Amino acid sequence: PHPPPFFFHAQDVILDQPRSRGLGDVYKRQEEVRLMKYSWLIIFYFTTIFGQKLDDQWNTRALQRLMHEWDVKLEKMELHLQNSMRRSGVDMWIIMSREFNVDPILQMFGDYGISGWYGHRNAYIFFDPGKKKPLERTLIGTHQSGRMREFFPTIISYGEEGLKPHLSKYINKRKPKKIAINRSRTVSMSDGITVEMLAFLEDAIGPKYSSRLISSQDLIFDYISHRTPAELEIETNASHRTWYILRRAFSNEVITPGKTKLMDIYGFILQEWQDQDLEFNFSPGITIYRKGAKGGIDDTSNPIVEPGDILHVDFGVRLMGLVTDQQHVAYVLHKNENEPPMGLQKLFKQSVIVGDFFVEELQAGKIGSDVKTTIEKRAAKQGIKASIYGHTQGNWVHGAGARAVFDWPDRYGDFAREPVRSSEFWSIEYNVQGKVPEWNNQIVTIPREEDAVIEADGSRARFIVGPQKEFWLIKSN
């Protein structure tokens, strides 16, 4: 049997960083253990999730997590969707989807329905009747579990007659003024409708209402950004888990310099997130930066970790529908070293400064590409060469919202032109570069990435866990 869920806390980080808000009473008890030659402040076993007692009717942790994810998404919908539609000037939203080619936004509204399926051809409809009337939530389709009534109280099935007459009747009765559909040139989570499904929809509702179709892009940006306290608790949990999986991966618990290969580290990370019953987000990318080597050395040739190496990892997990995205770096000490060369330490300190600039400049209302430019200019004034490429995250690793990137329309599209929004989850992603005297003035890159959230008042961002303040060290005894 699997052990209870737990967090690993590196002692130095806990001393530097106050506990993140939003965890509530998630920790049941605490004990201290020693791993290898490192002290880890461990492990709080808990029988609650995020301050809420687990429902005894669900007999496994997997089911408890799934039902909690449903509760969180349902609460978000009931709190924010109708207001998001009104702010976006939309009175109806139709999500067209079918089995094996599922619209990505459906994960926000029940997904496959626990025991149901996506159906042959389904319409998921939200209609705002206006004034103080509640939002109508209707699902017209097949293969739906009764549990989907939590998200869509009205479920209409069809047989030989198909979806078309039901959809036509529904639309003509309500006479919507603007109908949002998931069609967007550059925002993938707002582009779930296929060519044939769009043609089917237009045929079903006729030219009058087809002329009222608009993109759901603004609606989705607004809705996703309105994070709830329950979402923050999950994101905080996932962020801590990610941090300490990677902290252990870059330690002597896993690495013996001169023996350990990159894929051994990869294997540890892979096994650890699976042992914690976390869901797949993206595979770990592990790189070595080495004196005399041009660029990074990846796992293609599965190199051995050697003293003097800089190790870099990029990895994130998924937990109850929310994801993380972190990058960390470690230095492998030579036998006669107690710390990295001063040139590397200076470069890492510069990366910490840029990270502080980043959270200060992530203010609600600022345009993503402008945030990038501002941070890079601030860094340059202090003699730091920085490259900024941060992004929202949360339900997707590159999220529905602003990105602090170049304004390149054919690559980043509307993401670069979106404003930062309060309460968004963000990836503080960037790097710094500089010459290192001890490496014969070789130009070295220090990649950084931390999970963050925009403060509710929009004044700045804050790190959810961390940030990493110095190289993690690996001994070569």
Side-chain angles (χ1 to χ4, degrees), residues 77 81-113 116-131 133-144 148-149 151-224 400 414:
M77 182 182 69
L81 182 54
Q82 188 169 22
N83 287 333
S84 289
M85 290 176 65
R86 290 181 176 181
R87 282 189 294 268
S88 304
V90 168
D91 57 343
M92 182 175 286
W93 184 14
I94 302 177
I95 304 171
M96 300 291 295
S97 192
R98 56 183 167 181
E99 59 183 353
F100 312 122
N101 197 12
V102 180
D103 190 303
I105 203 67
L106 276 184
Q107 66 172 275
M108 302 301 300
F109 305 112
D111 222 7
Y112 57 83
W117 192 240
Y118 292 108
H120 295 125
R121 183 184 282 113
N122 290 358
Y124 304 78
I125 308 172
F126 301 101
F127 175 65
D128 180 8
K131 298 181 180 179
K133 296 179 181 178
L135 187 68
E136 290 186 18
R137 293 136 46 190
T138 302
L139 195 169
I140 308 174
T142 67
H143 292 77
Q144 292 304 304
M148 282 295 282
R149 294 188 188 280
F151 289 89
F152 300 94
T154 301
I155 297 179
I156 302 168
S157 188
Y158 63 81
E160 183 179 0
E161 78 282 6
L163 171 62
K164 179 179 176 178
H166 299 279
L167 189 54
S168 176
K169 179 181 178 181
Y170 186 92
I171 301 299
N172 279 283
K173 182 177 179 180
R174 285 158 182 80
K175 298 178 174 58
K177 297 178 179 63
K178 285 189 179 180
I179 306 171
I181 59 171
N182 296 345
R183 178 176 59 185
S184 171
R185 180 175 179 178
T186 60
V187 179
S188 57
M189 56 283 292
S190 304
D191 193 36
I193 195 165
T194 63
V195 171
E196 289 299 328
M197 287 292 268
L198 176 57
F200 177 90
L201 173 63
E202 290 177 333
D203 180 55
I205 66 178
K208 176 181 177 180
Y209 291 109
S210 293
S211 68
R212 301 179 186 182
L213 298 176
I214 65 170
S215 173
S216 63
Q217 180 175 307
D218 290 343
L219 166 59
I220 289 175
F221 280 157
D222 185 276
Y223 178 63
I224 295 298
D414 293 333

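Everything numeric here is computed off the predicted structure, so don't read it as measured data.
Considering CD1 of I171 and CD1 of I179, their distance stands at 5.0 Å, rounded to 0.5 Å. For the atom pair F109 CZ and D103 CG, the distance stands at 10.0 Å (nearest 0.5 Å). A distance of 10.5 Å separates CZ in R137 from CE in M148, rounded to the nearest 0.5 Å. Here the straight-line distance linking atom CG of L106 with atom CE of M96 works out to 11.0 Å at 0.5 Å rounding. One distance of note links CG of L163 with CD1 of I156; it measures 10.0 Å at 0.5 Å rounding.
With sequence neighbours left out, the side chain to side chain donor-acceptor pair (under 3.5 Å) criterion links E136 to Y170, R174. In this structure S168 satisfies the side chain to side chain contact (heavy atoms under 4.5 Å, CB included) test together with N172, sequence neighbours excluded. For Q107, the side chain to side chain contact (heavy atoms under 4.5 Å, CB included) criterion is met by K73, D111, R318, N395, W396, not counting sequence neighbours. Listed by chain and number, the residues in a side chain to side chain donor-acceptor pair (under 3.5 Å) with Y124 are N122 (sequence neighbours excluded). Here R185 pairs with D410 under the side chain to side chain contact (heavy atoms under 4.5 Å, CB included) rule; sequence neighbours left out. Taking R86 as the reference, D128 meet the salt bridge (Lys or Arg N to Asp or Glu O under 4.0 Å) condition, with sequence neighbours excluded.
Residues Y209 and K175 form a side-chain contact, since some pair of their non-hydrogen atoms from C-beta on lies under 4.5 Å apart. Within the 4.5 Å cutoff, the side chain of I220 has heavy atoms near those of the I105 side chain. Counting heavy atoms from C-beta on, the side chains of R98 and H120 never come closer than 4.5 Å.
The two residues L139 and G141 have their closest heavy-atom pair at CD2-N, 3.8 Å. When all heavy atoms of F126 and M77 are compared, the pair lying nearest together is CE2-SD, 3.8 Å. The two residues S215 and R183 make their nearest non-hydrogen contact at OG-O, 2.7 Å.
Listed by first and then second residue, the salt bridge (Lys or Arg N to Asp or Glu O under 4.0 Å) pairs that reach into residues 204-215 come to none, sequence neighbours excluded.
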Could you pull out every donor-acceptor pair under 3.5 Å between side chains of residues 87-94 and any protein atom, sequence neighbours left out?
{"unit_1": "R87", "atom_1": "NE", "unit_2": "D222", "atom_2": "OD1", "d": "3.2"}
{"unit_1": "R87", "atom_1": "NE", "unit_2": "D222", "atom_2": "OD2", "d": "3.1"}
{"unit_1": "R87", "atom_1": "NH2", "unit_2": "S84", "atom_2": "OG", "d": "3.4"}
{"unit_1": "R87", "atom_1": "NH2", "unit_2": "D222", "atom_2": "OD1", "d": "2.9"}
{"unit_1": "R87", "atom_1": "NH2", "unit_2": "H226", "atom_2": "NE2", "d": "3.2"}
{"unit_1": "S88", "atom_1": "OG", "unit_2": "S84", "atom_2": "O", "d": "2.9"}
{"unit_1": "D91", "atom_1": "OD1", "unit_2": "K177", "atom_2": "N", "d": "3.2"}
{"unit_1": "D91", "atom_1": "OD1", "unit_2": "K178", "atom_2": "N", "d": "2.9"}
{"unit_1": "D91", "atom_1": "OD2", "unit_2": "K177", "atom_2": "N", "d": "2.8"}
{"unit_1": "W93", "atom_1": "NE1", "unit_2": "N182", "atom_2": "OD1", "d": "3.0"}

With a 3.5 Å cut-off and sequence neighbours excluded, list the donor-acceptor pairs that the side chains of residues 188-204 form with protein atoms.
{"unit_1": "D191", "atom_1": "OD1", "unit_2": "S184", "atom_2": "N", "d": "3.1"}
{"unit_1": "T194", "atom_1": "OG1", "unit_2": "M197", "atom_2": "N", "d": "3.1"}
{"unit_1": "D203", "atom_1": "OD2", "unit_2": "K164", "atom_2": "NZ", "d": "2.9"}

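Judged by distance alone, the side chain of S157 and the main-chain N or O of T142 form no donor-acceptor pair under 3.5 Å.
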Open item on the list: Using side chain to side chain contact (heavy atoms under 4.5 Å, CB included), reason through I155 and R149 one step at a time and then give a plain yes or no.
Closed with: CA-CA 7 Å; I155 297 179; R149 294 188 188 280; 3.6 Å; yes
